[in-house]
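Computed from heavy atoms alone, side chains included, the values below leave out hydrogens, waters and symmetry copies. Keep in mind it's a predicted model, so treat the numbers as computed, not measured. Note that the numbering runs from 1 along the sequence shown for the chain.
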Amino acid sequence: MMISCHRLYKIIRESNELWRLKFLKRWQNFSLEKEEIDCMVWYEWTSVRLKVSIVVKKTVETLSAIYHPDGKVPMSILDKLIEKMEGKEHPILMFVEDELRDLIFHQEKNEALTLSYYASGLLDNLKRCRQFKNWQEFRTQPPSHKSLLKGAVLISLWFQNCFLEDKDDLIHFISLSEIEYSLESIAQKVKQIFLKTKNTTFTTKEFIDPIKNGRKLLDIINIVLFDEMSFHVTLVEYHDENLLSIDKVLKTREGCPTILCIIYYEIARMMGIKCHPVYFGDKLLLRWQEYSEDDNSDSFFYIDVCDRGSLKHSVFYPAIIQNKPAAAVDIFQQMMHEFNQSVNEIIRTEDDPVDVFILKSCQSNSVRLACAITPLQIPCINEYAELCLNNGMYLDDAIQLLQSVGRRDDDSLIVRCKNELTKQQEEIDAAKIPYRRLPSIKYAVGLVMNYKYEDLEDDGVNRVMRSSICVITSWYDKFKESKEWTTGEGVYNLDQPFYHILLDEDDPASFNTRSLCEETLELHPTGVAIKHDELGNHFERFDGRKYVPNAEKRVHYPEDEAVDISII
C-alpha cells in the first residue's frame, strides 16, 4: 500500500509513533532508557534492526558447514559480522545480541538445535568483546573516575557472563545502580544506629559531621557489617569466583579481602568518611585520616577488614605511611593474580585429568580477565596462551594478544597456537569425508541409548548395576583413543565397535564419559530427549524417538539415518 500511494507512504514513513509501536512489539525484550525512547527516529531503527536480523541469521546458518565438528567459533567471526553492518549511530552490538538471543531462545523445544548452538557460541564471543570494551573504557578514564565499585561490578559481570549458563533469555545481569542501592541500605543502617545513640530522630536527610564523628561512625560500620550482618573474609584457597563477585558477596556475606575492602570503603564514603586503599605487603588496608586538616602522621589510622575492621594507628605500619594510595587497576590485577595462583596450586595437586581439564577451562576465563584489566602483561598473556592451547579454544584471541606485546610469527607460542588451529582445521576437513558402515557396526548416529555400567552403592562397599541415557554422535570399528578415556570397569576387549556419546548433563557420569564400547549399550525402548550443550553441534532436532543429524553429520555418516529407521 505504501508503494502504490505516495501520500500514504509519506504519512506512514513519517509516523514516528507507529514505528515505535512496531519496533517494541516485535522486539519486546529490547531494553532502552526512557530518554533514548523519546528522541529516536523509529523508522530508521526498525530498518537497521531488520537488516541486522537478516545478516545475523545468514551468518549463523553458515557456521556449521565451516566449523563442524570442532564447533568452536573464533572471535574474528564477530568482527566480520559487525563490518557488514551500517549505521554507526545505532547500537549495532545490542541489535546483534538481541537477534542472537532470539535464535537461541525463541525456537521450539528440541528444534533448530544447530542454529541455536552456533548462535550461542557467537553470543559468548559478543559478551567477551563487550567486556573487553568495558575494561578498555575503565582503563582510559582519569584516576578520579576509576571507581573501585565500578571495577568490582565489571568483575562480577565478567564472571556472570563466563560461568552463567544461558538456559533462559530472561537472565538478569547486575548493574552498578543495584549494587549502589544495596550498599546505600547498609549505610542507612549505620546512620540509624548513630542517630539512635545521639537520641536523635532518624531521617535520611539528617547531616552527620564525618570529621567530628568519624571514629564513632567507623565503630558502627564494624558493628553493622561484622556483627549484625556477619560479613566475613574467606581467603581464595579454591576456585570459587563468587568470592570475587560483589553481588554474590553482598548476598552470602562472604568474600575475598579485596571485595570486602571495597564494600567497607564505599559505605564509609557514603557516610562522608574518606579512606584510601594502600598495600601492606600483599594485604590491602584502608588508610583513614582522623583530622583531615592535619598532615601529621599521628592522625593516620589503618582499617583491616580481615580483622573485622580493626582500627590500628600508623605506628603499627611505619613502612607504608608515605605510600601513595593503590590505583584501582592495580588492586583488581592483584586480586586476580592471587585468585589464579590459588587455582594453579589446586591444579598441581589434582590427580583426576577430567577435573584438571575443567579447572583449566575455568581458569582461562579468569586469566583472560587479568589480561583485560592490565594489557601488555607478558607473563599473564603467556599463561593465557598456554591455557588456550590446553583447551583448544580462543586460539585466535591468544595469537592477537601475543602479537600485541611484539611477538613475531616465529615465536614458539604463536607457532604452537597456529599449529593447533591447523590441526583443528584438519579435523574439520576430515569430517567432510563420508564414513562407510561396516557389518560389525550395530548402532547408528542419533540413536538414544541406555548405557549399562557397574558402580558403587551409596555405602561405598557394595556394587550395583546402573543405567544412564545417552545419544550416539559417532562410531569407530574399534577403540582408537588413549586408554584414560576407556569407561566402564571390566571392559578389556578394545577390538570391538566404540561409540562417541553425549550423556545428559545432569548425569553424574557425564564429566568422565566420552566413548563407550558396544557391549555396554542397548537401544532405549522409547527414546527421550537429553540435555547437553553439544547437541546442536551434531543434530538438527529431536523427532520424539531419535536425534536427527544435521547436514554436516549426514555428510560424514551418510548411511546412518536409514539404519536408525530400520533399527527403531
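- Under a 3.5 Å cut-off, the side chain of Arg215 and the backbone N or O of Glu290 do not form any donor-acceptor pair.
- A side-chain donor from one of Glu184 and Gln188 sits under 3.5 Å from a side-chain acceptor of the other.
- In this structure, Asn213 contributes its side chain and Asp209 its backbone to a donor-acceptor pair below 3.5 Å.
- The structure places CG of Asp124 at 11.0 Å from SG of Cys129, a figure rounded to the nearest 0.5 Å.
- Nearest heavy-atom pair, Phe332 versus Leu148, reported as atom, atom and distance to 0.1 Å: CZ-O, 3.2 Å.
- With respect to Lys216 and Asp219, no salt bridge is recorded, no charged nitrogen being found less than 4.0 Å from a carboxylate O.
- Atom-to-atom distance recorded for Ser76:OG and Gln400:CD is 9.0 Å, nearest 0.5 angstrom.
- The side-chain tip of Arg287 does not point at the ring of Phe280 from less than 6.0 angstrom away and within 45° of straight on.
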### Task
Under the side-chain contact (heavy atoms from CB on, under 4.5 Å) rule, what do Arg368 and Asp397 come out as? Steps first, then yes or no, please.
CA-CA 10 Å; Arg368 185 60 180 90; Asp397 186 38; 2.8 Å; yes
### Query
Would Asn537 and Tyr118 satisfy side-chain contact (heavy atoms from CB on, under 4.5 Å), going step by step from the backbone distance to the final call?
CA-CA 8 Å; Asn537 191 17; Tyr118 283 97; 3.3 Å; yes
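- Here SG of Cys417 is found 4.0 Å from CG of Leu389. Values are rounded to the nearest 0.5 Å.
- By the 4.0 Å N-to-carboxylate-O rule, Arg416 lies close enough to Glu386 to be salt-bridged with it.
- The closest donor-acceptor contact from the side chain of Asp396 to the backbone of Met75 lies under 3.5 Å.
- With hydrogens and angles ignored, the 3.5 Å screen pairs a side-chain donor or acceptor of Ser116 with a backbone N or O of Leu103.
- Taking the six-membered ring where tryptophan is involved, the planes of Tyr453 and Tyr451 are essentially parallel, since the angle between them stays under 30° and well short of 60°.
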#### Entry: Check against side-chain contact (heavy atoms from CB on, under 4.5 Å), Tyr394 and Asn125
CA-CA 9 Å; Tyr394 301 122; Asn125 288 350; 3.6 Å; yes
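- If you check the side chains of Glu338 and Gln334, you find a donor sitting under 3.5 Å from an acceptor.
- Atoms CD1 and CD1, from Ile303 and Ile221 in turn, are 7.5 Å apart once rounded to the nearest 0.5 Å.
- Here the two rings, on Tyr265 and Trp288, have centers that are 6.0 Å apart or farther.
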### Task
List the steps, then state whether side chain to side chain donor-acceptor pair (under 3.5 Å) holds for Glu383 with Asn344.
CA-CA 11 Å; Glu383 184 179 9; Asn344 279 330; 3.3 Å; yes
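- One distance of note links CD of Glu99 with CD1 of Ile104; it measures 10.5 Å at 0.5 Å rounding.
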### Task
With side-chain contact (heavy atoms from CB on, under 4.5 Å) as the test, would you mind laying out the steps for Lys189 and Ile220 before giving the verdict?
CA-CA 9 Å; Lys189 287 183 182 180; Ile220 296 174; over 6 Å; no
### Task
Show the numbers, then the answer: is there a salt bridge (Lys or Arg N to Asp or Glu O under 4.0 Å) between Lys283 and Asp304?
CA-CA 9 Å; Lys283 177 182 278 191; Asp304 184 0; 3.0 Å; yes
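- Side-chain contact check for Asp247 and Gln160: no donor-acceptor pair (N or O, by modelled atom type) lies under 3.5 Å.
- The backbone N or O of Phe194 sits less than 3.5 Å from a side-chain atom of Thr197, completing a donor-acceptor pair.
- Taking the six-membered ring where the residue is Trp, Trp158 and Phe132 present tilted rings, their angle falling between 30° and 60°.
- The backbone N or O of Ser230 sits less than 3.5 Å from a side-chain atom of His232, completing a donor-acceptor pair.
- Atoms SG and CG, on Cys306 and Leu284 in that order, are 9.0 Å from each other to the nearest 0.5 Å.
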